[in-house]
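Working notes for the structure below.
No hydrogens, no waters, no symmetry mates; every other heavy atom, side chains included, goes into these values. What you are looking at is a predicted structure, and each value in this text was computed from that prediction instead of being measured.
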Amino acid sequence: MAIDSETVGISHIGNVEHEMPTKEPAPTGPGDVMSLENVDRALSAKMHYVNDAIDAIGFTGYHTKLFFLNGFGYGVDSLLLFLMSISAEQVVAQYPPKFTRGAQLGFYLALLVGALFWGSTADVIGRKWAFNFSLLISAIFSIVAGAAPNYPVWAAFVALSAFGSGGNLVLDTTVFLEYLPSNKQWLLTLLAGWWGVGQTVAGLVAWGFMGKRCLTLVLEYGTDE
């Protein structure tokens, strides 16, 4: 009897060969980035089954809620970045430091570290916990930064808030994309719109805290231009 070597696995026990049929992985479909059949046949088959199930379910109200949930997270990350840039000049004026760009440098470095840390940690503790904890860290240290007694402490709290924002920034897109049907994955690009929402909210909040004299100068400067 002829045996197809691709559909049969061979195990050796002592001097006896046992033929064990193995399951063929699902074929690579359109839109798949790569096939894992030569790396992990079982994992490849499971991934294809899950993707096929998501495609069969289609776009539902759950995906709409997920879009707004991850969109709000995306907006918060933008809001925190813009608030830091808005307040940096006034903080420097109040606590004149030797190096006036310390907060900006710490912020962007913390974004990178946060993205690497939470991107890896999410695979260990789960997307839900990583998403919530990263946002919680951002919220806590952003509020505490408002009570900083000096510039170094303010810059440190800003960096810690960015540590959470960097992680949440990568999780927003990841969580949304993982549950989207293959024919709706273009919706991921719409999350960029929430970046503008976050900066608009930050600008409006800052506008409310501007004094009348400062507001008058801004309006006069804009009129002269």
- prompt: Under 6.0 Å from the CZ atom of F59, do we count more than 12 heavy atoms belonging to anything else shown?
  reply: yes

message: For S138 and S161, which I'm curious about, is there any donor-acceptor pair between the side chains at under 3.5 Å?
response: no

- request: Please round to the nearest 0.5 Å and tell me the distance separating atom OG1 of T60 and atom NZ of K65.
  value: 9.0 Å

task: Kindly say whether T100 contributes a backbone atom to a donor-acceptor pair with the side chain of Y151 at under 3.5 angstrom?
output: yes

task: Verify the neighbour count for atom OH of Y179: are there more than 12 heavy atoms of other residues, nucleotides or ligands below 6.0 Å?
output: no

message: With a 3.5 Å distance limit and no angle check, can you tell me whether N168 reaches the backbone of L135 through a side-chain donor-acceptor pair?
response: no

message: Under a 3.5 Å distance rule, please check whether S78 uses its side chain to pair with a backbone N or O of G198 as donor and acceptor.
response: no

- prompt: Okay, side chain of Y95, backbone of A148: is any donor-acceptor separation there less than 3.5 Å?
  reply: yes

- prompt: Say you draw a straight line from CG of L111 to CG of L81; how long is it, rounded to the nearest 0.5 Å?
  reply: 7.0 Å

message: With a 6.0 Å cut-off on the ring centroids, do W194 and F68 count as close?
response: yes

message: Are there over 12 heavy-atom neighbours, none belonging to R101, within less than 6.0 Å of that residue's CZ?
response: no

- prompt: Taking everything shown except F67 itself, do over 12 heavy atoms lie less than 6.0 Å from its CZ?
  reply: yes

query: Given a cutoff of under 4.5 Å between side-chain heavy atoms of I, L, V, M, F, W and Y, with clusters grown through shared members, what are the other residues clustered with I86?
result: F82

